[in-house]
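Naming: A, B, ... by sequence-line order, numbering from 1 per chain. What you see below is based on every heavy atom in this structure, not just the backbone, and it leaves out hydrogens, waters and symmetry mates. Just so we're clear, the structure is a prediction, and the values are computed from it rather than from any experiment.
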2 protein chains.
Amino acid sequence: MEFKPTIEDVAKLAKVSIATVSRVINNQGGVRKATEERIVSAINELGYIRSAVARSMKRKETHTIGIIVPDIKNPFFPFVVSGIEQKAREKGYYTILSSTNESPIVEEEIVKIFIERGVDGVIITTANETGDHIKLLHDQGIPIVAIDRAIKNFEVDTVLVDNVNGSYQAVQHLILQGHKKIAIICGPQNTTPGHERFLGYKKALEDYNIPLDDKLVIQGDFMEGSGFHATHELFDLEARPTAIFSSNNLMTIGCMKALVDLDWKLGEEVSFIGFDDVEIATFIKPKLSVVSRPMNTLGEIAVQLLYERMNVKGNLPKRQYLLSPELKIRESCQLNKIKI
Amino acid sequence: MEFKPTIEDVAKLAKVSIATVSRVINNQGGVRKATEERIVSAINELGYIRSAVARSMKRKETHTIGIIVPDIKNPFFPFVVSGIEQKAREKGYYTILSSTNESPIVEEEIVKIFIERGVDGVIITTANETGDHIKLLHDQGIPIVAIDRAIKNFEVDTVLVDNVNGSYQAVQHLILQGHKKIAIICGPQNTTPGHERFLGYKKALEDYNIPLDDKLVIQGDFMEGSGFHATHELFDLEARPTAIFSSNNLMTIGCMKALVDLDWKLGEEVSFIGFDDVEIATFIKPKLSVVSRPMNTLGEIAVQLLYERMNVKGNLPKRQYLLSPELKIRESCQLNKIKI
DNA sequence: GATGTAAATCTAAACGTTTACATTTTTTGA
DNA sequence: TCAAAAAATGTAAACGTTTAGATTTACATC
């Protein structure tokens with residue numbers, strides 16, 4: 001069946017005009033019952049499938065959403081993407097996905113191609129929060145929703161996680177357990193999540209009158225390796241921290257590996273909370289306490305916002321969601337035994 | 001800049017016909033240097049981006065690859081997808097991704113939409129290996145590459161992992177450590193991976209003259225929960241196994257959670273090997289030994305095969321790759337201390 | 001300067017839909 | 001039974017490209 005029937009073939013077989021066929025396949029009504037039946041059976045007989053390309057051509061919309069993530073291998077994103085994909089499909093949209101490896105250059109190329117392909121909207125976690133390299137999208141009037149990372153230089157709908165609040169909760173919890181020497185493994189300070197999670201840490205310390213000790217603030221890059229090294233660094237300190245707060249999932253993993261290597265006893269010698277839930281959290285011993293982000297919801301809301309913007313003609317104001325992460329207390333932080 | 005310039009606008013501005021502009025944007029040569037320059041600057045001035053939709057319409061190809069996976073949240077797939085996506089982009093193709101939640105019904109819908117959208121090829125890990133629900137693709141002459149799971153009822157290029165070999169290696173390793181009571185947590189026997197991994201297990205036992213004990217063969221469904229329950233079941237056995245082989249990553253995770261719950265000491269009281277590497281493997285204590293699949297490579301080869309089939313006019317024979325997994329010995333299987 | 005040839009450029013027809021508008025058919029109500 | 005109104009159907013243009021084939025231009029040769 002190499003032959004691909006077109007709407008014209010259907011029309012011919014059903015002895016009607018292509019306009020009528022079009023009306024039937026689009027459920028527009030205004031077609032006599034008998035005619036419709038004739039058309040439907042012609043469609044079935046020929047195995048006709050309408051060409052979305054031709055349709056897009058005329059309609060000037062592709063029902064395609066472009067997704068840009070910095071690293072699909074980071075377990076956070078598949079969950080977000082899954083939320084997006086599911087919700088989008090419900091609404092009749094499909095997604096084209098690209099991962100930039102955190103490169104703004106790649107990101108710019110992808111944006112170009114997305115425009116070429118006529119995506120109706122884009123959901124992006126950008127590799128460069130200024131957003132200059134994405135300006136093109138904005139100029140074309142293509143709706144954008146920024147997810148997890150904000151875009152600074154122009155206005156777009158945004159779905160963020162309240163990072164400050166999340167890390168505040170985590171650090172506060174550690175403080176209430178009696179810890180004073182609390183270390184943080186930071187993400188890059190030029191990214192919103194990296195910076196904000198540090199701010200939450202700082203604020204918690206301030207609120208409880210604990211001076212910030214620079215030695216306990218280690219810069220990482222959100223990658224596993226840096227979590228690993230940071231932990232080693234902390235271990236080597238004269239005044240070792242009694243608790244560690246890690247700013248993301250990958251660094252948490254690196255940190256765990258280091259703890260095992262160093263035989264630094266989790267929960268006993270050092271308490272721990274990580275930002276982001278990780279697979280391992282619940283079967284490592286002791287189970288890891290974490291700040292968990294609502295990944296699926298994040299994706300779903302992004303689709304909702306984008307959907308509205310794609311389908312409402314008038315101007316919508318910029319909308320911004322700030323989702324609260326949830327502190328999941330498990331077993332990795334104990335009362336500090338070291339007397340003050 | 002709400003106005004979207006077309007090739008015609010460019011032509012007008014450069015004072016040439018649209019045919020010449022087309023030749024320039026497609027690098028087809030045969031255009032005088034001066035003319036080309038005039039066209040290029042017209043393109044830049046207008047910010048012209050050619051419409052891939054119109055192009056696809058004429059060319060009858062979209063340079064789009066459809067990817068269908070059963071569950072994007074299973075950490076195995078993001079790695080495969082990442083391999084696909086990267087390689088595809090190199091070759092000028094983009095990917096549209098859908099996750100079926102292991103539902104053949106959803107899968108069929110997706111296939112339909114992929115056809116509607118005119119994908120040039122499909123890479124699929126199917127939810128139903130008979131492949132009947134995908135027949136439509138095949139009928140349309142759209143190239144398919146099956147990845148990780150075979151398709152039975154018609155011929156397609158296939159990239160598989162040598163499951164039999166992988167589980168054989170794992171079980172053999174356990175046997176050589178002196179284990180005789182080796183349990184397996186199986187995947188569904190109606191899936192290729194599920195069945196083959198069981199076959200490898202069986203074969204290893206046979207080769208070493210160890211009788212197969214039905215009580216030690218637990219059926220799971222490749223989901224975390226079943227790994228958890230299976231482990232409980234094994235623990236409750238009168239004759240507890242001294243080693244467990246888990247057939248996939250998610251069940252491994254379930255199993256680990258159960259071990260913690262039951263306080264069944266990994267490595268000491270029970271040795272363990274899992275199919276598929278998991279994030280946790282290296283910082284759980286003892287570190288997990290696993291059979292690891294080359295996920296990235298899997299995706300890359302799939303793209304290569306698909307690419308050839310999409311761009312070669314003649315008939316290619318069915319090709320089948322069988323990638324060997326790698327046994328990564330870490331610490332979770334110890335010499336069996338229980339004397340024989 | 002005329003001629004022939006090669007190179008550059010143009011014209012116009014597709015590709016498969018949707019849709020405004022025109023036309024035909026059916027229904028309604030006197 | 002007929003005209004008017006409503007419903008169904010048809011006609012044809014458009015969407016933005018690519019491309020075969022026609023036409024023009026440039027260049028070399030004599």
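With hydrogens and angles left out, the side-chain atoms of B:S103 and B:N101 include no donor and acceptor closer than 3.5 Å.
Contact between the side-chain N/O atoms of B:T20 and the OP1/OP2 oxygens of C:dC10 is found at a separation under 4.0 Å. The phosphate of C:dT18 has OP1 or OP2 within less than 4.0 Å of a side-chain N or O from A:R50. Between D:dG10 and A:S17, a contact under 4.0 Å exists linking OP1 or OP2 to a side-chain N or O. OP1 or OP2 of D:dT9 has at least one side-chain nitrogen or oxygen of A:R32 nearer than 4.0 Å. The shortest distance between the side-chain N/O atoms of A:Q28 and the OP1/OP2 oxygens of C:dT18 is not below 4.0 Å. OP1 or OP2 of C:dG16 sits under 4.0 Å from a side-chain N or O of B:K60. Between B:R59 and D:dT18 there is no side-chain polar atom (N or O) within less than 4.0 angstrom of OP1 or OP2.
Taking for each of B:S22 and A:A54 the nucleotide of DNA chain D with the nearest heavy atom, the 5'-most of the two is the partner of A:A54.
Salt bridge annotation for A:E308-A:R319: present, with a cationic side-chain nitrogen under 4.0 angstrom from a carboxylate oxygen. Checked for salt-bridge contact, B:E102 and B:R149 meet the test: a charged N lies under 4.0 Å from a carboxylate O.
The distance from atom CD of B:E8 to atom P of C:dA13 is 15 Å, rounded to the nearest whole Å.
Paired with B:I84 under the rule side-chain contact (heavy atoms from CB on, under 4.5 Å), one option of B:V303, B:N296, B:L298 passes, and it is B:V303.
Heavy atoms of B:T35 sit under 4.0 angstrom from primed sugar atoms or phosphate atoms, though from no base atom. Note on A:V53: nothing from the nucleic acid sits closer than 4.0 angstrom, heavy atoms only.
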